[in-house]
Number of protein chains: 4
Amino acid sequence: MTAELNSEILHEVFQKRAVNTHKGDYGRVLLIGGNKYLGGAILMAASASVDSGAGLTTVATDATNIGPLHARTPEAMAIDWADTVALAEQLEKSDVILVGPGMGTDEFAVQLLKTVLFGVTAKQILVVDGSAITMMAEHNLSFPLNTFTIATPHQGEWERLSNVMIKYQEDIPEMTELQRQNLNIDVLVLKKYHTQVISNDRHVELRIGGPFQATGGMGDTLAGMIAGFVGQFPEPRRATEAAVYAHSAIAEQLAGHNWVVKPSFVSSFIPNFIASIQTNL
Amino acid sequence: MTAELNSEILHEVFQKRAVNTHKGDYGRVLLIGGNKYLGGAILMAASASVDSGAGLTTVATDATNIGPLHARTPEAMAIDWADTVALAEQLEKSDVILVGPGMGTDEFAVQLLKTVLFGVTAKQILVVDGSAITMMAEHNLSFPLNTFTIATPHQGEWERLSNVMIKYQEDIPEMTELQRQNLNIDVLVLKKYHTQVISNDRHVELRIGGPFQATGGMGDTLAGMIAGFVGQFPEPRRATEAAVYAHSAIAEQLAGHNWVVKPSFVSSFIPNFIASIQTNL
Amino acid sequence: MTAELNSEILHEVFQKRAVNTHKGDYGRVLLIGGNKYLGGAILMAASASVDSGAGLTTVATDATNIGPLHARTPEAMAIDWADTVALAEQLEKSDVILVGPGMGTDEFAVQLLKTVLFGVTAKQILVVDGSAITMMAEHNLSFPLNTFTIATPHQGEWERLSNVMIKYQEDIPEMTELQRQNLNIDVLVLKKYHTQVISNDRHVELRIGGPFQATGGMGDTLAGMIAGFVGQFPEPRRATEAAVYAHSAIAEQLAGHNWVVKPSFVSSFIPNFIASIQTNL
Amino acid sequence: MTAELNSEILHEVFQKRAVNTHKGDYGRVLLIGGNKYLGGAILMAASASVDSGAGLTTVATDATNIGPLHARTPEAMAIDWADTVALAEQLEKSDVILVGPGMGTDEFAVQLLKTVLFGVTAKQILVVDGSAITMMAEHNLSFPLNTFTIATPHQGEWERLSNVMIKYQEDIPEMTELQRQNLNIDVLVLKKYHTQVISNDRHVELRIGGPFQATGGMGDTLAGMIAGFVGQFPEPRRATEAAVYAHSAIAEQLAGHNWVVKPSFVSSFIPNFIASIQTNL
């Protein structure tokens, strides 16, 4: 039986920052997504990354989203994702690359995803979410061999990606584990009623959270948190687990006085939530 | 005499969400409105839908409104309402369609309204508000036969739509009821001093609220709430009544310390208000 | 000696709204200003008008300001001030017209100001502020004969407009009163250390407020409050006095814990401030 | 040994404003920066200047940043930095000019920086930050001879600017002092673990703050605070020290309940922080 992911993960992951450190020590995070209609998704991922404490957050997106991004989150930097020079530079110097939120699945997006998949190196961490997962499945793309890779599919997306039907995902977890390895995914965040986080050394299940999270953007916020967490905390498997746990723990806290919890509201509580476990003072 | 719409409707409608549910269970809401000058109206409807807890909220609007929408409410998705391919796709897959806030009444708006009226199906719920009601009257358009339809006219708009003069609306409610049936309106929200909600099984009247709500945008927020409520709660007549009641109940609560209550302020309190009646924990 | 404007004005002006009233009863306010560089001024005036409780607030401004306006204050409607058809329509149907905040003084602005000065009628109230006052002086324009007119110059602007030197403004108030009449100004808000509000039946002086208000945008917010107040309260001389008093009273309250008080912060407290004197419940 | 910069500087610098003063007495601050990708930096500097209490804040930036600026901080005025006429006018009439945040280092930026360096006069204060420092080093530009100049390099930037290697910066502070004089820098804010503020009459070191500030935008906010402080407080060396101290003191206060402290969050607490030391009431 799958072990429960509980609050111990927070105490393990949230270690006090060393005093003599600077923003370069907490991750250069590049978030790629947001076409001209789905800009909100990448805006939520960006604020989640900034609120998580990423050292530097840069967003590669459709040019129309840059103004709204800065209006909400001036801490984030931006590039036009069609600016191939700027994109190549960012891809090269980032520590963490999240691709997918609100990216859409058109031809431009497919090419951009390929650029990312081929461009990432062994020194980087890749997070694949949302539209990018759909495109991986539709276009038979392969996750990179040498880059630590985190994928965050819903059950249906996982079925399309892995060919493990939802029924078997539930009944025969070994099939999922096998496909995770075959697909070169280092951490699989399988989003469902009780979200699972599956990596080579352990397989845990989230038992907090609830239907107050059943609203658009929740996944984009989680993806941004994962990117922000793996950029600053040392062990990416544990950092991902901590992001998954913290995301639902914050939502649950807020659900005490909110029928639904808006993803942007979850995001704004991240700095306070982490501080309630561990402070940097 | 018309029965009073009281707080019992909230307890009836706000039922705890089942734990194993996801955003797809709480309504795909499509909001159509906002020309290049009246974008604020559809922005308020959108935040009201999101704050109400709609599973997914998409806005079809003039392209200039998409940036401001995402800056305020990144949870909402958007399409350019002139993008006929995207619009057709959204019209087809949405559960609830609200048409009208800030839509204007020009030739483009008339054609768009016709597209909606002809395109909706028996599986969808249609909410007709604001400019759309004006156009229905001016162009003698018919509400769809097979779609559950909610209309939210002010008294003057109802006069133009139904030919029932305001005087008779007050004195002979049977005329309004007759015309509601003739016009194929399933729920008529007749906005006035004591707003009435009229459907085939009952006719209720709102006795809360007050002149602190007499400010632009209040109706747009109500329309967004109705869309968000009927998308997630099972019975659209009761859900509409609950939206009408909750909208004024929140405003009244806030009026304790606010001379006027801004519609956007009402919206931001919806999650908390519903939770004060019922939580998902 | 000039009488002190004190808090009694608030109790006199803030009368409970009648229950059976609607937004049309509280003023259609048109705010004209904000060129492509000075958009913030008209945005502050707009939020002040909305926060004051104006029934309907419409902003005529450079097209580039419409998105930012809706992102901050979705309650406001907008038109492109270069759209002569829309402008003529708004000028005709508005109850209150404020012209000037962030308008600039270029040729387009001069022509627009002339359009306003020639277009206003006896049924409307005109508020002339900021750049518009500068243009009145520079181009020898006349205030309209038959429209109730409020002007809000600083002392230097008043010198240029009236030819009463600042020295005489202080020493011989009769000269200011004479020029107020000669210039057809019904209410003169002479902004200075102790701002004066001068109309035909009385001449009062503000003795609250302080240097915490010495920051850009304070006047734009006051202008928006005056417009919002005269739109909803019956007597424009008293309503102007109430706006002047409330503006500084709010700032003074906030200055208890703020070194400077941002104009947008003052604005956000208007609904609460009025409710602390009078509520609509 | 370098003296500690402690809270006494706040009591020294934050002197009550004289009652009969106006915005012109508190500095016309011009902030130059923000290319089409790095607009957030200048937006943070602008809100920091406004929140600090600058009399008037104007931003010269890429035109795409003006809307987002006004959406966040309507108190700020703006010009398109490519509008040479408007820029010349602002350069001439400003009391304080900050150049650099998010400016980028392309050819346009270099030319603009040169315009600033050649254009400033003995009556103005110049603050050189961020990208501008990089360009000073890369292009061998000289700080102006007759203008009071504040520079805010990180250690690496200081190495490139002064040729004093980081190792010697630590071990032989005399070399830094020598180069500060040679380079015509009046106040050097050397950003590092314990930031130093070095001017002709004293050399102090900050011992508060911490790794909760290790996130992008912290320096842009500090630069905006320095500009806002030197614009309103009489002695620019002391005002700079006060800005450096207050910036970290606010962050430290907020870190009690925030894992990381967002720069925009620091900014929003400036008015309250100064009031906690000194009020204008």
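Each chain gets a letter, A, B and so on, in the order the sequences are listed, and its residues count up from 1.
For Q213(A), no part lies under 4.5 angstrom from a heavy atom of chain B. Contacts of A18(B) with chain A are made by backbone atoms alone, with heavy-atom separations under 4.5 Å and no side-chain atom involved. Contact of S52(B) with chain A is made through the backbone alone, with heavy-atom distances under 4.5 Å. Interface residue I66(B): only side-chain heavy atoms are found under 4.5 Å from chain A. Residue Q232(B) touches chain A through its side chain alone, counting heavy-atom pairs closer than 4.5 Å. For chain A, no part of D25(B) is nearby; none of its heavy atoms comes within less than 4.5 Å.
The environment of E138(A) atom CD is dense: over 12 non-hydrogen atoms of other residues, nucleotides or ligands sit within 6.0 angstrom. Taking a 6.0 Å sphere around CD of E235(B), one finds it holds more than 12 heavy atoms contributed by other residues, nucleotides or ligands. Taking a 6.0 Å sphere around NZ of K36(B), one finds it holds 12 or fewer heavy atoms contributed by other residues, nucleotides or ligands.
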Take Y26(B) and V260(A), measure what side chain to side chain contact (heavy atoms under 4.5 Å, CB included) needs, and give me the verdict at the end. CA-CA 11 Å; Y26(B) 300 107; V260(A) 285; over 6 Å; no
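For chain A, the option among A76(B), G55(B), A54(B) with the highest count of heavy-atom pairs below 4.5 Å is G55(B). Counting heavy-atom pairs closer than 4.5 Å to chain A, the top-ranked of the candidates T21(B), L56(B), V19(B), T279(B) is V19(B). Annotation: maximal heavy-atom pairing with chain B below 4.5 Å, among G217(A), G216(A), G209(A), G102(A), occurs at G216(A). When each of P211(A), P263(A), A255(A) is scored by its heavy-atom pairs under 4.5 Å with chain B, the top score falls to P211(A). Contacts with chain A were tallied for V59(B), D80(B), T57(B), V50(B); D80(B) has the most, counting heavy-atom pairs under 4.5 Å. For chain A, the option among A86(B), G53(B), A63(B) with the highest count of heavy-atom pairs below 4.5 Å is G53(B). Counting heavy-atom pairs closer than 4.5 Å to chain B, the top residue among S264(A), G67(A), S47(A) is S264(A).
Taken from NE2 in H70(B) to CD1 in I42(A), the straight-line distance is 12.0 Å, to the nearest 0.5 Å. In this structure, K23(B) NZ and H154(A) NE2 are separated by 4.5 Å, a value rounded to the nearest 0.5 Å. Between L43(A) atom CG and T73(B) atom OG1 the span is 11.0 Å, to the nearest 0.5 Å. Atom-to-atom distance recorded for D220(A):CG and E75(B):CD is 9.5 Å, nearest 0.5 angstrom. For the atom pair CD1 of I270(B) and CH2 of W259(A), the computed distance is 13.0 Å after rounding to the nearest 0.5 Å. Atoms CG and NZ, from D51(B) and K262(A) in turn, are 4.0 Å apart once rounded to the nearest 0.5 Å.
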